[in-house]
Each structure stands twice: as structure tokens, then as C-alpha cells.
Number of protein chains: 2
Amino acid sequence: MARPANPNLQGALIEAGRLEFATKGLAEARIEDITRRAGVSKGAFYLHFESKEAMFEHIARDFVDGLLRVMNCFDSLQTLEPRELVPAILNCDDQVSEYLWEHRPALRIVMEGLPSTACSGLGDQFVGALESYMRATIVRHKETMEVFSPDTDPDVAALLLTGAIVMFCRRIVRSDDKPDFRKSSIALRKILYGGMFRPEVGRALLDALQAQEAHS
Amino acid sequence: MARPANPNLQGALIEAGRLEFATKGLAEARIEDITRRAGVSKGAFYLHFESKEAMFEHIARDFVDGLLRVMNCFDSLQTLEPRELVPAILNCDDQVSEYLWEHRPALRIVMEGLPSTACSGLGDQFVGALESYMRATIVRHKETMEVFSPDTDPDVAALLLTGAIVMFCRRIVRSDDKPDFRKSSIALRKILYGGMFRPEVGRALLDALQAQEAHS
DNA sequence: ACCTGAACACCGTTCAAGT
DNA sequence: ACCTGAACACCGTTCAAGT
């Protein structure tokens with residue numbers, strides 16, 4: 001009962017896997033459901049992937065690679081003045097948000113992560129990739145331009161930005177209809193540019209913090 | 001070969017589960033290893049827990065409850081002036097960090113999350129609990145005190161703070177020796193109080209952002 | 001009542017047999 | 001070469017039998 005060889009079977013399996021994993025998660029998705037969806041037998045799976053996890057990883061990697069490619073749009077922003085820079089930044093935010101929204105099934109998979117890794121839950125490789133990308137970008141910007149406050153710690157800044165993206169991804173994965181990306185983006189930028197407190201409060205807190213820091 | 005009934009068996013099983021889950025994760029940990037560690041047979045597990053996941057959830061809930069209890073230390077800070085407030089805040093930060101560090105095995109478990117939930121990976125219940133706690137706190141503070149900038153969106157602020165904690169937890173879970181909590185805490189507070197850019201740059205970006213916002 | 005451990009169920013993975 | 005599907009392996013879960 002064998003069918004003619006299907007040169008696109010690997011692609012069909014990946015597409016089927018994306019759907020099954022996105023709906024049921026790695027643990028609940030069954031190989032047989034994936035292969036049925038692709039129109040082949042259970043055994044065929046192992047002609048194209050070493051294991052269930054290997055397929056999971058393949059899908060995750062595709063997604064993360066694409067995301068980092070989109071995020072490179074921030075790199076062309078280095079030389080603009082604030083008046084042009086801000087709309088350009090918001091535009092990049094939009095592009096990234098769109099990518100995440102478009103690839104929601106894969107995003108859901110990636111957020112689940114792999115059970116074998118140390119801290120699987122967070123989609124370890126995903127978060128790790130984002131965080132190092134962030135840190136590298138911040139460090140580079142600290143060297144080329146004088147925009148960052150000298151005592152902004154790149155590690156902590158990368159942690160904060162990555163955390164924001166991760167939480168944002170979480171919201172995307174959970175919501176049924178498209179959130180207002182632009183609004184969130186502006187609200188987030190405001191905090192990054194000026195903190196979350198009233199100017200005089202923020203200044204007082206900052207002074208007290210610096211006093212405390214010198215004192216310890 | 002039955003042993004005398006052990007009134008603490010449930011406790012012993014939980015302790016064993018914490019260890020096994022923390023080392024191997026939910027998927028890799030085997031019931032038989034947990035029961036062996038507690039000195040009973042495989043079948044005894046199901047006299048005390050409905051399923052493997054039920055135990056997982058039990059452990060996670062204990063941890064999250066404890067964390068939220070520790071985080072309540074921030075609630076006693078409402079009335080202080082900056083000079084006293086800042087050391088008190090840093091002290092709370094320390095307490096929370098200590099709790100996370102002390103309970104690392106459970107934290108690791110919680111970060112993994114449950115495979116059955118929608119967005120299991122992020123330790124969904126954990127992150128969800130944190131985020132709503134954050135938002136509630138911010139909203140309450142916005143009402144009682146006038147510290148937050150009026151256009152700080154509580155949703156986005158909660159998202160940012162929760163993301164920072166989640167990323168911080170991730171670091172704790174992955175590191176072998178105790179990080180310098182105080183240093184990270186100060187660096188993070190600096191950004192929250194004054195943004196991450198030089199004052200004049202931040203102000204220019206903020207102006208441009210407001211112009212852009214009015215314009216759209 | 002509480003515990004044991006053999007038996008069962010449910011997939012992931014393999015492999016001998018088909019085309 | 002590529003595919004099939006029965007067989008195997010590995011646990012999570014159940015349950016009849018012990019004390």
C-alpha cells in the first residue's frame with residue numbers, strides 16, 4: 001500500500017507538526033496524529049526526523065531565526081535624530097509585533113520549550129537567543145553612540161527588555177484577537193525613556209538611590 | 001511486605017518529588033524514582049496524589065503562595081519619604097531574591113510549567129499570578145499616592161516588572177552560585193526610576209514620542 | 001485503612017517486509 | 001530508496017491481593 005515517494009513529505013510533516021504541537025503541546029501531541037495529518041504512516045516520521053523532540057527543535061529554530069532577522073530592523077536606526085528616530089523605532093516595534101502575531105502557532109511551540117533542557121519552561125533557547133541579541137545590541141550602542149546612561153548595566157537592561165518581549169509573546173499566544181501593538185509599544189517606550197514615575201518623584205528616588213549606593 | 005502506615009508519607013513523597021522534578025523535569029522524572037526515594041512502592045503514590053501532574057501542581061502552588069507572601073513586604077512601604085523608602089525597597093528586593101534563591105529546586109519546577117496548560121512553558125500559573133499581583137499593586141498605588149506618572153499604563157508597567165522577575169528567576173535557576181542580588185536590584189531600580197538613557201537623550205526621545213502620539 | 005507489585009494502557013520508536 | 005504497520009519498550013495508572 002505504499003504511496004509514491006513524496007519529495008515534500010518533510011515539509012508536510014513540519015506543517016502538520018506545527019499545528020499539532022501548537023494545539024496540544026509537545027507532550028500531548030501524538031506522532032500518529034502528525035503523520036495522519038500529512039497522509040503517511042506512523043513509521044514514515046522516523047525517516048525524516050530523529051525523534052519527536054528533534055522536530056520540535058527544528059520548528060523552534062526556524063521561528064527564532066526568522067524573528068532575529070526581523071529584529072535586525074533596529075540596526076538601521078543608528079544615526080537618526082529623535083524626531084525621525086522615534087517613528088522609525090515604533091515602526092520596527094510594529095514589524096516585530098506583526099511577525100510574532102503571524103507566527104503565533106510557532107510562537108506557542110517555542111514558548112513551551114523543551115523538557116530536556118535545564119530550564120525548559122521558558123523556551124530556554126528562545127529566551128537565551130533574545131537575551132544575548134539584546135545585550136550585544138546594547139553594548140554596541142553604548143560604544144558607538146552616547147545615548148545610554150553611563151551607569152545603565154547592559155546585563156540588566158538586556159534582562160529588562162528581554163523580559164518585556166517574553167511577556168509580550170505570552171500575551172500574544174493567549175489572546176484570540178490582535179492586541180493594539182502600537183499602544184503597548186508607546187507605553188513601553190515611555191517607561192524606558194523616562195521611567196515610570198512622575199519626573200520629580202523619579203528624580204528624588206534616583207538621588208536617594210545614588211546616595212544609598214555611595215554609602216554601601 | 002507492607003510497612004506500617006507512615007503518617008508523613010505524603011510529605012516524604014513531596015520532598016522526593018521536589019528533588020526528582022527539579023533535577024529531571026516533569027517529563028523525565030519517573031514515579032518509581034520518587035516512590036523509591038520515599039521508601040515505598042510505585043502504587044503508593046496514587047494513594048496520595050491523583051496523578052504526576054497533581055503533585056507537580058501541589059509543589060508549584062506551595063512555592064507561589066510563599067513567594068507572594070514574601071512579596072507583601074512591599075506593601076508596608078506606602079508612606080515613607082525617598083530617603084527612607086529606597087533602602088526599604090532594596091531590603092524588600094533582597095528578601096524576595098533570598099526566597100527565590102532558597103527555593104531554587106521548587107523555582108526550577110515552577111518555571112517549567114505544566115504541559116497541559118495553554119502556554120505551559122512559562123510556568124503559566126506562576127507568571128499569571130505574578131502579573132496580576134503586580135498590576136493590582138500598581139493600580140492601588142496609583143490611587144493612593146501620586147507617585148506614578150499619569151500616563152504610566154498599569155498593564156504595561158506590570159508586564160515590564162513581571163518580565164524582569166521572570167528573567168531574574170531564570171538566571172537564578174541557571175546559576176550555580178549566588179548572584180549579587182543587591183547590584184542587580186540597584187541597576188534595575190535605576191532604569192525604573194529614570195529610564196535607561198542619558199537624561200538629555202531620554203528627554204528628547206520622550207518629547208518626540210509625545211509629539212508622535214498626539215499626531216497619530 | 002494502607003500498601004504492594006503484577007498487569008494494563010498508551011504512545012514513542014524500531015524493524016522486517018512490501019513496492 | 002521510500003513507506004507500511006505490527007511488534008517492542010517504556011512508563012503512568014489501576015487493581016486484586018496482602019497486612
Side-chain angles (χ1 to χ4, degrees), chain A residues 1-61 109 112-117 120-121, chain B residues 1-61 109 112-117 120-121:
Chain A
M1 280 258 204
R3 294 154 188 270
N6 177 351
N8 277 339
L9 183 50
Q10 166 135 1
L13 283 171
I14 288 180
E15 186 52 33
R18 240 194 290 272
L19 285 167
E20 292 293 327
F21 285 145
T23 338
K24 302 179 191 165
L26 177 64
E28 306 282 300
R30 290 183 308 153
I31 300 289
E32 210 167 352
D33 290 340
I34 295 174
T35 50
R36 182 177 315 118
R37 201 185 268 277
V40 289
S41 76
K42 202 155 76 141
F45 183 90
Y46 294 89
L47 297 169
H48 297 274
F49 298 95
E50 221 166 87
S51 67
K52 196 182 180 184
E53 292 202 359
M55 173 184 255
F56 196 91
E57 224 156 342
H58 187 110
I59 293 174
R61 180 165 304 280
I109 293 170
E112 182 178 354
L114 280 174
S116 47
T117 45
S120 70
Chain B
M1 280 258 204
R3 294 155 186 271
N6 176 352
N8 277 339
L9 183 51
Q10 166 135 0
L13 283 170
I14 289 180
E15 186 52 35
R18 238 194 292 270
L19 284 168
E20 292 293 326
F21 285 145
T23 339
K24 303 179 191 163
L26 177 64
E28 306 282 300
R30 291 184 308 152
I31 300 288
E32 211 167 350
D33 291 339
I34 295 174
T35 50
R36 183 178 313 118
R37 202 186 268 276
V40 289
S41 77
K42 202 156 77 138
F45 183 91
Y46 292 89
L47 298 170
H48 296 274
F49 298 96
E50 221 166 88
S51 66
K52 194 183 181 183
E53 292 201 359
M55 172 184 255
F56 196 92
E57 224 156 342
H58 187 111
I59 293 174
R61 181 166 303 280
I109 292 170
E112 181 178 353
L114 280 172
S116 48
T117 46
S120 69

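Here is how names work: the chains are called A, B, and so on, in the same order as the sequence lines, proteins then strands, and each is numbered from 1.
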Starting from P on D:dG12, measure out to NZ on B:Lys24 and report it in whole angstrom.
10 Å
Can you tell me how far P of D:dG12 sits from CD of B:Glu28, to the nearest Å?
10 Å
So, is A:His48 near the phosphate of D:dC3, with a side-chain N or O under 4.0 Å from OP1 or OP2?
yes
OP1, OP2 of D:dG5 versus side-chain N and O of A:Lys42: anything below 4.0 Å?
no
How long is the line joining CD1 of B:Ile31 and P of D:dT13, in whole Å?
6 Å
From C:dT13, D:dT13, D:dT4, nucleotide with atom closest to A:Ser41 side chain
D:dT4
Of all the nucleotides listed (C:dG12, D:dT4, D:dT13), which has the minimum atom distance to the side chain of A:Arg30?
C:dG12
Non-hydrogen atoms of B:Leu13 and B:Ile34 that approach each other most closely:
O-CG2, 3.8 Å
Heavy-atom pair of closest approach, residues A:His48 and A:Ala44
CD2-O, 3.5 Å
Just the rounded figure in Å: distance from C1' of D:dT13 to CD of B:Glu50.
12 Å
Of the options C:dG12, D:dT4, C:dC2, whose atoms approach the side-chain atoms of B:Leu47 most closely?
C:dC2
How close do B:Met55 and B:Phe49 get, heavy atom to heavy atom, and via which atoms?
CE-CE1, 3.5 Å
Contact under 4.0 Å: B:Tyr46 side-chain N or O vs D:dT14 OP1/OP2:
no
Least distance between heavy atoms, B:Arg37 atom then B:Leu19 atom:
NH1-CD1, 3.6 Å
Can you measure A:Arg36 atom CZ to D:dC3 atom P for me and round it to whole angstrom units?
18 Å
Using whole Å, what does the distance between atom P of nucleotide D:dC11 and atom CD1 of B:Ile34 come to?
13 Å
